[in-house]
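Accompanying notes for the structure given below.
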Protein chains: 2
Amino acid sequence: MYRLCSLKIITYFCELNLNQQSCTIRRKTASDHSIILHMEHTRIKELLGSDEFGKEVIVKGWVRTFRNNQFIAINDGSSINNIQAVVDFENTEEALLKRVTTGAAIRVKGTLIESQGKGQRVEVKVNDLTILGDSDPEKFPLQPKKHSLEFLREIAHLRFRTGTFNAIFKVRNALSFAVHNFFREREFVYMHTPIITGSDAEGAGEMFRVTTLDLDNIPRTEEGKIDFKEDFFGKSTNLTVSGQLEGELAAMALGNIYTFGPTFRAENSNTTRHLAEFWMIEPEMAFYELEDNMDLAEDLLKYVIKYALDTCPEEIEFLKNRLLEEEKSKPQNERSEFDLVQKLNFVLENSFERVTYTDAIEILKRSKPNQKKQFKYLIEEWGADLQSEHERYLVEKHFKKPVILTDYPREIKSFYMKQNAPDAEGRHTVRAMDILFPGIGEMVGGSQREENLEKLLTRMAEVGIPEEEMDWFLDTRRFGSAPHSGFGVGFERLVLFTTGMTNIRDVIPFPRTPKNAEF
Amino acid sequence: MYRLCSLKIITYFCELNLNQQSCTIRRKTASDHSIILHMEHTRIKELLGSDEFGKEVIVKGWVRTFRNNQFIAINDGSSINNIQAVVDFENTEEALLKRVTTGAAIRVKGTLIESQGKGQRVEVKVNDLTILGDSDPEKFPLQPKKHSLEFLREIAHLRFRTGTFNAIFKVRNALSFAVHNFFREREFVYMHTPIITGSDAEGAGEMFRVTTLDLDNIPRTEEGKIDFKEDFFGKSTNLTVSGQLEGELAAMALGNIYTFGPTFRAENSNTTRHLAEFWMIEPEMAFYELEDNMDLAEDLLKYVIKYALDTCPEEIEFLKNRLLEEEKSKPQNERSEFDLVQKLNFVLENSFERVTYTDAIEILKRSKPNQKKQFKYLIEEWGADLQSEHERYLVEKHFKKPVILTDYPREIKSFYMKQNAPDAEGRHTVRAMDILFPGIGEMVGGSQREENLEKLLTRMAEVGIPEEEMDWFLDTRRFGSAPHSGFGVGFERLVLFTTGMTNIRDVIPFPRTPKNAEF
């Protein structure tokens, strides 16, 4: 199983486990944990960066291409790049060579050498070739040619084997880790808020029912109603649309917390921006006011994008080139001003523009597309809800950078947002903030929360949320209420922006959308 | 909002945002990201470690106790420890002092001084006291006395305000981060596998249905069956019981991946070890065989426990003492040999015992409780499924350390596990591994996977899993199959072990169990 360790290298130590008759080579890391350094094979990423020419190596991976009966491009997922293995075809059985097909899993033992050809620095001169698993070229759907993203979505279980999806999921992974690291540095507590919720009053959208009732034989009460007492949880339950309310409970005790987990919307939206199941990051902070909330959100977005740029340079370069290639098919005037790397750096280098809703409405009213009636929804008066076209105008045309819109009209926002004092014209606003990104629209939605029990109860009554259902939530305002704030980041939108992809179904492993829950 | 920065300290820079008329003090971190250093208030954790006596500080938090009309113990969640604020009661309005009740949120401005009293090093001499949010002492359920864990479970939304639950959720947070850091160091890709699944063939237990059908008016096909084409996803869907199968798809392209997300079992188990909704960590590795799998699992468990010990010493000390206190009510012979810290260190310092099922059965057969018929289920022959009592005997009595049991009988394990060649007696085993922990039982379940398509199909037919439903999964064996392995860690069981708690409902923020989905 394991290669024997070299006794010369004293930082390695060999742990001989007599029971198992196996020898694991481990290395003390800086953090004093032993990590497995070498299995029988070496990862391609390591080999591509190696200059130990002449060394005997073992590679395991999948065949991407096989040219001239001689050059095998092998990928093991560790890198978007393949390693080239060169076969001595004159001295290799023909039957074996025939099995070197795209998609086949192989094991290659050979010598690491400096490459003679173009396009790679190192290659492996093959001494021994083994087929681990065949791949029938008549049936394997991924051939060495460009496949459309639509086609790849249909074979989402195999698309991880393409360079594009390798890069996307590496970037997604980097962004995920960066989220956790950002909050760890600030000593936030990661809370796993519940996925199944008995509350249906969150008001953020349509919900999925969770049940174990037999749909062919639904139990009924004496009055003929569905008897949810018989359901698993003894009541009607749904999938959560947000961990915010539970997050508030934790923040009002632990100070600063965040969630990062799946959330659900049963909305029949078949767009490139919506999923029925998506991941959301929701920090909630006691004693934070709206300004602090905006600062934290801006810091978070910049931190995670910078982390992706720093740790995935090859993947982002690959995605940048993919995007440039894709844009070639567009007319000149529809192409982006910036490439992907420039776009990401632009976000890092500029402060987000902070604008009140009221100021934004004035800008939109006076805007050319409004004057020329080019907007589908014309902005006529204060109070209008902003549509995607308006958000895009503000971000992409007017300010040309991310924008934080604040202090929205109370009537178009959620009941739990802190109310401002009415303005000189008697208009009611709430301490909301939405962060809008170019090409994406709403990346973040947040607010300072209403900490005043009376105001909250009045607002709940106005919008029709029964007090008794939210009793536990209201306890935060009954016992030691205090200013607090929070926001939610749609994680897939963040991945969309950072990868330069345009369809949200391409940045989550197995997208769930109306009429689609494959794999 | 923000305190003005000291211009003397040149590593700080003041970012004056004229639009917002606010001044944020930021500091360049090592990673070159700016982080907010100071809001108006300072976190109690920082103050408790400070020796800047004479400095004016602002504290915001919740009152834990108020003694002698003079000493307020304040907690803001940043630490399990409170800071003491000393009020000049003779010069403070009585009406104000009356509002300093347990649970109230307050803001205190004062001078940091060396404490005169016992039990703390620093305290705050109060110059200004503000009540942010009252807490009616007649109604606030958490009084400064010992509450039972059962009572606290009923007010799960407030239990975060106790020292015990502060400590538990800090440790849970540390373990979560450690999981991500462990896999990042090894370049595993974090995959968000789907929560809603169209597959019901995973066979790991009872599932919850996810639906948007109107239960009062279920659509029917012409044959009178439920018409799932009308459901949101156009078919019958459930909550996932495991991300493994999707994880395998990703591993067979990206190499090494892991999941860390919620999973669900609709089992009517009302025990201290089971939840209907729990978090699971599931790594899956291409080209790993069973030995590698065991090494990785052992490394992971040791790494995360060590990380918790290193980063949460105060919390674990607190939990250790809580446990010692709890054990005082037990008879001497039922108390633990080790305290919590010793128990955790014991795991770190010893190799897990690796034993085959076949050897374990021999040990159990010859064991005293089997000979004396003290086991509820006597071990009579090879093939018996191991019960909790047997696992505990092996771990707690026989080996006295974590045990990895391998090579279980094929008939008692899942269809996807790699089959060994039959032994000399013709018995069939699979390359399974379960890691058993003292006091917990099964902490990890895993295996090398069956990579041979024919063997897998035969086994599926034997256990009645329809091939067509698993077509996407079988593609991994059709196109470039290769040895691979993986395992699952029940995250709450890991938190249970690390915190020394005994009921799994106490280590997840809002437990979901039969007839219980509160908050």
Side-chain angles (χ1 to χ4, degrees), chain A residues 1 22 24 33 36 60 62 76-78 103-105 132-133 135 140 157 160-161 169 173 176-177 180 184 189-192 194-196 198 208-212 215 218 226 232-234 237 249-250 253-255 262 266 277 279 287 291 295 303 472 479-482 509-510 512 515 517 519, chain B residues 1 22 24 33 36 60 62 76-78 103-105 132-133 135 140 157 160-161 169 173 176-177 180 184 189-192 194-196 198 208-212 215 218 226 232-234 237 249-250 253-255 262 266 277 279 287 291 295 303 472 479-482 509-510 512 515 517 519:
Chain A
M1 172 97 348
S22 78
T24 311
H33 301 298
I36 296 175
K60 293 179 182 173
W62 293 273
D76 67 358
S78 62
L132 299 173
S135 175
F140 187 55
H157 63 307
F160 306 115
R161 296 197 192 180
F169 290 108
N173 173 62
S176 295
F177 184 78
H180 289 298
R184 184 190 57 85
V189 180
Y190 181 28
M191 294 300 285
H192 293 114
I195 309 303
I196 298 173
F208 288 102
R209 174 180 301 287
V210 174
T211 183
T212 55
L215 299 196
I218 292 179
I226 298 165
F232 189 88
F233 295 107
T237 50
L249 303 177
L254 300 172
E277 173 181 320
W279 284 64
F287 313 119
E291 288 293 314
D295 289 344
Y303 180 100
W472 49 275
F479 305 117
S481 190
F510 300 97
R512 268 73 181 103
K515 304 299 172 201
F519 317 108
Chain B
M1 173 96 350
S22 79
T24 310
H33 302 297
I36 297 175
K60 294 178 182 175
W62 294 274
D76 66 0
S78 63
L132 300 173
S135 175
F140 186 56
H157 63 307
F160 306 115
R161 297 197 191 179
F169 290 107
N173 173 62
S176 296
F177 184 78
H180 289 298
R184 183 190 58 84
V189 181
Y190 181 28
M191 294 300 286
H192 292 114
I195 309 302
I196 298 173
F208 288 101
R209 174 181 300 287
V210 174
T211 183
T212 55
L215 299 196
I218 291 179
I226 297 166
F232 189 89
F233 295 107
T237 49
L249 304 176
L254 300 173
E277 171 182 321
W279 284 65
F287 313 118
E291 289 292 314
D295 288 344
Y303 179 99
W472 50 275
F479 305 117
S481 190
F510 300 98
R512 268 73 182 102
K515 305 297 172 201
F519 317 109

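We name chains A, B, ... by the order of the sequence lines, and we start the count at 1 in each one.
- Per-residue counts of heavy-atom pairs under 4.5 Å with chain A were compared for B/A104, B/P194, B/A250; the largest is that of B/P194.
- When B/G234, B/A517, B/G255 are compared by the number of non-hydrogen pairs under 4.5 Å with chain A, B/A517 comes out ahead.
- Put simply, CG on B/L249 and CZ on A/F510 are 4.5 Å apart, with the number rounded to the nearest 0.5 Å.
- With hydrogens and angles ignored, the 3.5 Å screen pairs no side-chain donor or acceptor of A/S481 with any backbone N or O of B/G133.
- Between chain A and the options B/N173, B/D76, B/T212, heavy-atom pairs under 4.5 Å are most frequent for B/N173.
- Ring centroid separation for the pair A/H192 and B/W279 comes in under the 6.0 Å cut-off.
- The closest donor-acceptor contact from the side chain of A/W62 to the backbone of B/G480 lies under 3.5 Å.
- Contacts of A/I218 with chain B are made by side-chain atoms alone, with heavy-atom separations under 4.5 Å and no backbone atom involved.
- For A/P262, the part lying under 4.5 angstrom from a heavy atom of chain B is the side chain only.
- B/L132 contributes atom CG, which lies 7.0 Å from atom NZ of B/K60 (distance to the nearest 0.5 angstrom).
- If you tally non-hydrogen atom pairs under 4.5 Å between each of B/S135, B/P509, B/A482, B/A253 and chain A, the highest count goes to B/A253.
- A ring-centre distance under 6.0 Å is not found for A/F208 and B/F208.
- For the set B/Y190, B/F232, B/F140, the entry with the most heavy-atom pairs within less than 4.5 Å of chain A is B/F232.
- The side chain to side chain contact (heavy atoms under 4.5 Å, CB included) search around B/R184 returns A/F177, A/Y307, B/N181, not counting sequence neighbours.
- The contact between A/T237 and chain B is made entirely by side chain atoms (from C-beta outward), counting heavy-atom distances below 4.5 Å.
- Each of A/F169, A/F479, A/F160 has some count of heavy-atom pairs under 4.5 Å with chain B, and the biggest count is that of A/F479.
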